[in-house]
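Structure first, then comments.
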Amino acid sequence: MSKEPLPEEAVRADGKPGPVSESPGHEGEVPALTDSTADSDGPVSASDALRSLAAGGEGDAERVEALRAGVIADRIAERLNADASGTRIGTLALFNDTVSFGGGFHTAGGRGPSDPLGTTGWMPLAEDEVTEYTDLYVQPERYDQALDALCERHLLVLTGSPGSGRTAAAVNLLAEALTLNSAAQGGYHRLLDTSSLTSPAWKPPGEGSGCLAVVDGRPPGLSARGLSSVSSKLRAAGSHLVLIGGPELAAIVSGPGGDDLARHELSPVDPLDVVELRVLGHSGDPDRQAELRALLDSSGAAAALRERPLAAHAVRLASVIRADGDLGAAVAALRDPSDQVYTWFRTHHEPEAIAFALAVAVLEDSGYLTVADAAIRLRQALSPEDPAPADVRFRDRMEQDQPWIERVLPGPAEAPGPLRVRYRSALLAQVVLTYAWTTLDGHREAVLQWLRRLLGHSDLEVRAQAAVAGGILARADFHFAVHRFVKSWAGSTSWPVRQAAATAIGVAGSASATADAVWELLHQWARGGHSAYERRLAGTAATTVGGLLGRNAPDRGLDVLRDALDRGDDWGTLTPVARGGLHLIHQGCATEVLAAYLDWSAPQDTSPMVVKTLSAFVFAVGTPYASALPGEAGPAGATDGVPLLLSLLPHHRRALAELWARALARKPVQEAALVALRGWIDTSADSYPEARTSLHTLVLDIGRLPGKHRERLHWWLTKWATDRENPSAYAEYLAHAL
């Protein structure tokens, strides 16, 4: 794929719109702001505006794509709002409470900070600690194979992510191996200084000892050959060592000399099995098992453990159930994303890990390759002086660094597809973005420029998700966001970027904490000045209320549309207002939109507001409905290729008859209205069984209105019926009926 240039207009250091220096773009991006795609400043005169609107029903390919991206973004935002209902996501208050560290992200295995034995490097495990690990332990898959390997080789390399239960597995394996292999019982010990394994003087703490050590990272000097020597010393002493770690340890033992080492990758256990065993013991009572599973489902505990499937969380919930405690509160605490997010960012500072976490948060449930490429670009932006090495492999480190992210492959009944990545909890993505934006002060500029690039991506899903992410960031501090990036996007000369701004504003406005500020800003832009830049802001305000925000509050949205339309002799906002009204109609707000058009055009004179309003109405009745997304069900009564208001005509007879009459009687709207009406008669009349009946009713309703509407309509119907080049048989029928 060819490399594309960066957009010409992006966010300057001061947060205002303006040109930035060009630099190479990336594959997968489209030039969002080049001369070939730049939107014009918009028509100002009435004739230009009406001509542009008459040609704007279909729109160019760029505009259609941007609108599709907006629809996708609305779906994403709607789902996010539903997931976050009842939470404080998007506000700093989420992180202002006391944050507990519940074991979600551990990076070290030791329980004590020092060696109580002084110089030995070993710390004994207390008997109650061993009992805690071994009592009611749920064995993972292939546990017996790991035990056989430990008994035979005396050293077992056990790999798994922190918090996966690897320490519990190690202690249980050691307990069984010592019981089977050792005459002497030297107790259990934890190695505090793993670098001592590389020393020729290293030795076990005593005869018949069970030892464990945690190796996260890559200790200098540790090698497979060195571990083979350690294994020999253990065998001679009748002792056993379980060495636990992550991908670095797995890479070490896969090197030269590692063939003689026993390796085992820890399989996850079902946390529900852990709860069941901890609560019910080994009773095996089917009735009690069913009762417990029902409790876990109804309380949300089962869902919480799917999101945070660590054995430690299962043990904690089991203790609450056994003590007859407040299970609801325990589940709520477990599902609260703030603990996970705060703890993870507290322990991860590497640009690779941060970049991947943010890329998944923005592009959640996207294909792994899409996310990985985006993460690499963000990683380069986070640390430009340290370019990402060519062998960054997010997938290899995902289990170790990102246990809150799951990998998803298509199920047996699904079509084949790529590996996708997403957070285990639906709440996490929003909190990760909010926390990073409000806390990682040194990375804010890089994150913003990265998001801005994603708005020019060739994949509509990526563009939509980036726009939604911008809205999530804006919720944290809307005033800051407006001046930092929202206004720049909204006033861009690129239609796709303005559409992204509308999405971001809509997402921000759907949060109660920022709703009033968002509506105030939209009114301010809609009533703004008449420069090309201010006109684009007004147009973006109209586009915003045509989406999710206006659908949820149509009356407030229509107030913004009126402000954007009622700008005297400035006609530059007619097209975005007409589109905004049409989108509201397509989202089930036809009653409110038609009532507003009746009110705005009530003077029935030649004033600009009346002509603009009737032009917006004609645009709505003349634009065929088209599904924004393939396979998506439209509103009730919608038929592709047929204007939705024709399908809805029986439900809005009086309003539609009055508006049609006003439009047909008022120049310069009359010309476009006649074209739209003949389209209904000649093209749409046979589109569905009830269409002809609806049109017949409409014509009679218009003819009954006071004034010359019947004579005017009859004249045009007769003219179309007798058209020499294209006579209309149905127009003739309607003329006779009239």
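Please read these numbers as outputs of a predicted model, since none were measured by experiment. Values reported hereafter were calculated over all heavy atoms of this structure, with side chains retained and with hydrogens, waters and symmetry mates removed.
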Practice item. Side-chain contact test, heavy atoms from C-beta onward, threshold under 4.5 Å: evaluate it for Pro247 versus Asp396 and give yes or no. Key: no

**Study point:** Closest non-hydrogen atom pair between Leu266 and Ala169, with its separation
**Key:** CD1-CB, 3.9 Å

Practice item. Kindly compute the distance separating OG1 (Thr434) from CG (Leu473), expressed to the nearest 0.5 Å. Key: 7.0 Å

Check your understanding: Would you find a donor on one side and an acceptor on the other, under 3.5 Å apart, between the side chain of Arg424 and the backbone of Pro403?
Key -> yes

Check your understanding: Considering all heavy atoms of both residues, which atom of Ala381 and which atom of Ala446 are nearest to each other, and what is their separation?
Key -> O-CB, 3.5 Å

Check your understanding: Can you find a pair of side-chain heavy atoms, one from Val320 and one from Asp326, that are under 4.5 Å apart?
Key -> no

Review point. With a 4.5 Å heavy-atom cut-off, do His583 and Arg551 have their side chains touching?
Key: no

**Study point:** Between CD1 on residue Ile321 and CG on residue Leu296, distance to nearest 0.5 Å
**Key:** 5.0 Å

Check your understanding: Within a strict 4.5 Å, meaning less than it, do heavy atoms of the Val421 and Phe394 side chains meet?
Key -> no

Point to revise | Lys/Arg cation over aromatic Trp404: Arg308, 6.0 Å, 45° cone | key: no

Exercise for review: From the options Leu378, Asp401, Val392, select the one residue that forms a side-chain contact (heavy atoms from CB on, under 4.5 Å) with Glu352.
Suggested key: Val392

Check your understanding: Where do Ala304 and Arg335 come nearest, in terms of heavy atoms and distance?
Key -> CB-CG, 3.5 Å

Check your understanding: Any donor and acceptor pair, going by atom type alone, linking the side chain of Thr347 with main-chain N or O of Trp344 inside 3.5 Å?
Key -> yes

Study note, to complete from the structure: In short, Glu276 meets Leu292 closest at the heavy-atom pair CA-CD2, 3.6 Å

Check your understanding: Below 4.0 angstrom, N of the basic side chain to O of the carboxylate: do Glu248 and Arg397 qualify?
Key -> yes

Exercise for review: Would you confirm whether Thr514, through its side chain, and Ala508, through its main-chain N or O, come within 3.5 Å as a donor-acceptor pair?
Suggested key: yes

Check your understanding: Can you name the closest pair of heavy atoms from Val468 and Ala73 and give their distance?
Key -> CG2-O, 3.5 Å

**Study point:** Leu382 CG to His443 NE2 distance, which is reported to the nearest 0.5 Å
**Key:** 5.0 Å

Exercise for review: Take the angle between the ring planes of His523 and Trp519 and call it parallel below 30°, perpendicular above 60°, tilted in between.
Suggested key: tilted

Point to revise | Modelled atom types, side-chain donor and acceptor of Glu445 and Gln449, under 3.5 Å | key: yes

Point to revise | For Tyr368 against Arg395, the heavy-atom pair lying closest together | key: OH-N, 3.0 Å

Practice item. Could you tell me how the ring of Tyr435 sits relative to the ring of Tyr342: parallel (under 30°), tilted (30 to 60°) or perpendicular (over 60°)? Key: perpendicular

Practice item. Mind checking the CG-CD spacing from Asp270 to Glu141? Nearest 0.5 Å is all I need. Key: 10.5 Å

Practice item. State, yes or no, whether a side-chain contact exists between Ile76 and Arg79 at a heavy-atom distance under 4.5 Å. Key: yes

Check your understanding: Can you check whether Leu522 reaches Leu549 side chain to side chain, under 4.5 Å on heavy atoms?
Key -> yes

Exercise for review: Indicate yes or no: does Glu129 engage Arg190 in a salt bridge with an N to O separation below 4.0 Å.
Suggested key: yes

Check your understanding: Hey, does His313 have a side-chain heavy atom less than 4.5 Å from the side chain of Pro271?
Key -> no

Exercise for review: Measure the spacing between CD of Gln587 and CG of Asn552 and express it to the nearest 0.5 Å.
Suggested key: 8.5 Å

Check your understanding: Okay, side chain of Tyr137, backbone of Asn172: is any donor-acceptor separation there less than 3.5 Å?
Key -> no

Practice item. Please work out whether the ring planes of Phe485 and Trp437 are parallel, tilted or perpendicular, with thresholds of 30° and 60°. Key: perpendicular

Review point. Would you call Val560 and Arg556 a side-chain contact if the rule is heavy atoms closer than 4.5 Å?
Key: no

Study note, to complete from the structure: The reported gap from OH in Tyr143 to NE2 in His264 (rounded to nearest 0.5 angstrom) is 10.0 Å

**Study point:** SB check Arg293 Asp273 (cutoff 4.0 Å)
**Key:** yes

Check your understanding: Going by atom types only, do Ser366 and Gln465 share a side-chain donor-acceptor pair under 3.5 Å?
Key -> yes

